[in-house]
Amino acid sequence: MTTDKTQFLEQLNHVQREAAVYSDGPLLIIAGAGSGKTRVLTYRVAYLVKFCGVSPWDVLALTFTNKAAGEMKDRIQDLIGIPSRDMMIGTFHSMCARILRREIEALGYSSKFSIYDESDANRLIAQCLDEEGFDRRTYHPRAIKAAISRAKSEMADPDTLGGLASNITEEITAQVYRRYQERLRENSAVDFDDLLLLTVNIMELYPDVLEKYRQRFKHVLVDEYQDTNAVQYHLVKLVAEKHGNLTVVGDDDQGIYSWRGADIRNILEFEQDFPKAHVIKLEQNYRSTQTILRAANAVIMRNAGRKEKTLWTDNPEGELVRCYQAADEHGEAAMVAVETRRLVEEEERSFSDTAVFYRTHAQSRVLEEALIRLGVPYRIFGGTRFYERQEIKDIVAYLRVIANPSDEVSLRRIINVPTRGIGKTTLGHVERYARDYGISLMNALREVKEIPGLSARAVESVGGFLKMIDGLVMFMDEHDIEALIKEVWDRSGYMRELEAERTLEADARIENLQELLGVVEDFKVEYGSVSLDDFLERVSLVGDTDEMEEEGGYVSLMSLHNAKGLEFPVVFMTGMEEGIFPHIRSMEDPTGLEEERRLCYVGMTRACEALYVSHAECRSLWGGVSANPVSRFLTELPGEYLKETIPEEGVAVEPGEELDLVPGDVVSHAKWGRGTVLELVEKDNDSEVVVEFPALGTKRLLLCYAPLKKLEK
DNA sequence: GCCTGTGCATCGTCT
DNA sequence: ATGCACAGGC
């Protein structure tokens, strides 16, 4: 920590320094990949606090991921030496959630509102479709949800959407949207889009509220500005336009979220929006080798309509981009696993230096299998998140009902889990009663004795359920969350049920539930005491992918989208095939393709020192096998930057290929020398061979990428 | 009321 | 290949 201003600013190059100290209104920082964007943002905040008399309280810094927010917090804390807890640094969504906890009652929601994730929302949409009498097989809830989501991110309400409708599906969407929104409010629940939208609504409806936040956030900074959508744009504008202390950072070449409403024009037109805006371009890359940077530039150059910039670096030239063509996805995965291990064993890398990227999560499983087989530790980011697992969602649904009894989606989820005799028929009667009397489902349950057509047994079951919930609500008042969670396991019978099952799957679920306690523990360490509301909010907004534990060292597996904002010494980009990447669904129009190209650029520029690109000649996906041509992004890469990578010496044995190895054969390994085959193991499509090396002992090798050569006896 | 099997549709990226 | 919705049997 430094206190001397000159010394402080010496940590930056002169352009970065200009950006850090600029103090005269709106500032746009165009920050090329690896140009020290986060560094500038953190130094800027630290500079404001340390040398300009700005209170940490006055600062609002918005990011898109919790990971980015966490990193910024840590770095600012290091720079200014006061807990960054005092600063509002977070994602758009978490900041809005916090504002809504205070303000949402103005819109008729409970301040204990639930936050519905995609699957909760889809359930509710399905229910709305039913209620409106539409067939949910003709109108897929997911598609409707996506359309509503798009409308919300463009700030269109149901009436607006209905007005724009040009066909029956769009009209139905608008109609479902209206009901969906009503239902959300009745449940005191919001979806992800609402977090932003309702915040904007409140600020527009209640000038005093808006004024409060304008006073509160005297300095606003927005990261990844190219990814903001209309709502986020409005939010930023509402809060920051008056005082004009707004810094936005972004790179139009890294805009990869147009599909969720991000509008790249927000960054391209910043200067029109804020006429006094000053623009600073960061063009020196500190991250990648010359070769990697040039290769990435060669790809992104193909896009039209970019803000011209010339990214350069002083870094060494570095090694060529390594390209590997595998026979199929297993061969590709094996290459990644073998190479990763080799880097650790022979080039003094650690596993945490390495990241493996793919376009879709479906590709991760094969990679995972290969890594497991070679004993390479890894972590997967994104995909089926911890919090989306059934058992976690069930327990969280209990907690939500305890916190917010209006939350019908959660109530329905748990009312008969584990089964307690409140099935379809019973629920149907209760629902009907609730509708007839215009009361909530929970309140209808409380009047169960009045509901006609219910058996004495059903009445008893409902009574038991209510008694349990009420008991838990009372329990909550006097205990902390850990105790509450355990009590839920206990009283609901959920844990008993799992324990009785005695299957591997059930054991895994129990482990996950234990892990939920671990989450509470971590949360406590970070923030001190935790209320149920705080906890539920975190569960809804923080993907486990955001928690990157460094201990031990793992290879990181993640989607390209997940990779944004990160960097790794070694990067593998897999599945470089037409139809996979660029993704088939993006290939219909040029805009989609350009976005994929930006995604490719993002992926490549994550690499500091070594970049691998790989593709498979054929790939099993969606039940069938397809032979995909090599990705255009690879063919766009000038050959001078590429080097074919093949197993050194020896032969690459592709899966399925006959290999006449038998126990007793003598083989030569490219690095480990001579060994004797002990055993051959057939596994699905892969074969393994167990080889005894005199110097090293027994090794298991994947045959599809084994740098092995059979020696004549 | 609950469980199991079958048929069907889907198959992207995130908060 | 997977996951979801519904029908039918217990």
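Letters A, B, ... mirror the listed sequences (proteins, then strands); counts begin at 1. Values in this document were obtained by computation on a predicted structure and should not be read as measured data. Note that these values count all heavy atoms, side chains included, but never hydrogens, waters or copies made by symmetry.
In this structure, A/K564 forms no cation-pi arrangement with A/Y257, as its terminal cationic atom is not both closer than 6.0 Å to the ring centre and no more than 45° off the ring axis. A/R538 forms a cation-pi arrangement with A/F523, by the criterion of a distance under 6.0 Å to the ring centre and an angle within 45° of the ring axis.
Atom NZ in A/K67 sits roughly 8 Å away from atom P in B/dT15 (whole-Å rounding). Rounded to an integer number of Å, the gap from NE2 of A/H93 to C1' of B/dT15 is 4 Å. In this entry the distance linking CD1 of A/I580 with P of B/dT13 reads 12 Å, nearest Å. Protein atom CD of A/E118 is 12 Å distant from nucleotide atom P of B/dT13, rounded to whole Å. When the C1' atom of B/dT15 is taken as reference, atom CG of A/N66 falls 8 Å away, rounded to whole Å. In this structure, the CG atom of A/D223 is 14 Å from the P atom of B/dT15, given to the nearest Å. The distance from atom NZ of A/K564 to atom C1' of B/dT15 is 13 Å, rounded to the nearest whole Å. If you take OH of A/Y257 and P of B/dC14, they are 6 Å apart, rounded to a whole angstrom.
OP1 or OP2 of B/dC14 has at least one side-chain nitrogen or oxygen of A/H361 nearer than 4.0 Å. For B/dC14, one of the phosphate oxygens OP1 or OP2 lies less than 4.0 angstrom from a side-chain nitrogen or oxygen of A/N562. Contact annotation: A/T426 reaches the phosphate of B/dG1 (side-chain N/O to OP1 or OP2, under 4.0 Å).
Looking at A/R359, its side chain comes within 3.5 Å of the base of B/dT13 through a donor and an acceptor atom. Scanning atom types as modelled, one donor and one acceptor separated by under 3.5 angstrom connect the side chain of A/E596 and the base of B/dG12.
The side chain of A/T425 lies closest to B/dG1, out of B/dT15, B/dG1, B/dT13. Distances from the side chain of A/T360 to the nucleotides B/dG1, B/dG12, B/dC14 place B/dG12 closest. Which of B/dT10, B/dC14, B/dC2 sits closest to the side chain of A/N416 comes down to B/dC2. With B/dT10, B/dT15, B/dT13 as the candidates, the nucleotide lying closest to the side chain of A/S559 is B/dT13.
Here A/E595 lies out of heavy-atom contact (under 4.0 Å) with every strand. Among the protein residues, A/F64 comes within range of the sugar-phosphate backbone only, with heavy atoms under 4.0 Å from sugar or phosphate atoms but none that close to a base. Counting non-hydrogen atoms under 4.0 angstrom, A/R457 reaches nothing in the nucleic acid.
Nearest-nucleotide positions on DNA chain B place A/L427 closer to the 5' end than the other of A/L427 and A/T91.
A side-chain donor-acceptor contact under 3.5 Å links A/Y180 and A/D191. If you check the side chains of A/S114 and A/D407, you find a donor sitting under 3.5 Å from an acceptor. Between the side chains of A/S188 and A/N404, no donor N or O sits under 3.5 Å from an acceptor N or O.
Side-chain contact between A/L411 and A/F465: present, with at least one pair of heavy atoms (C-beta onward) separated by less than 4.5 Å. In this structure the side chain of A/I580 reaches within 4.5 angstrom of the side chain of A/Q363, judged on heavy atoms.
Comment: A/R412 engages A/E431 in a salt bridge, judged by a side-chain N to carboxylate O separation of less than 4.0 angstrom.
The aromatic ring of A/H583 stacks onto the base of B/dG12, its centre lying under 5.5 Å from the centre of the six-membered base ring with the two planes under 30° apart.
Here the separation of B/dG12 from C/dA5, taken at their C1' atoms, is 24 Å to the nearest Å.
A distance of 8.0 Å separates CD of A/E131 from CG of A/L124, quoted to the nearest 0.5 Å.
Between A/Y612 and A/F572, the ring planes lie parallel to each other; the angle is under 30°, not in the 30° to 60° tilted range.
With a cutoff of under 4.0 Å to any heavy atom of chain A, the contacted region of DNA chain C is bounded 5' to 3' by C/dT2 to C/dA5.
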Contact letters for nucleotides 3-8 of chain B, in which S counts primed atoms plus P, OP1 and OP2 and B counts the base, heavy atoms under 4.0 Å: S-----
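In this structure, A/N512 contributes its side chain and A/E391 its backbone to no donor-acceptor pair below 3.5 Å.
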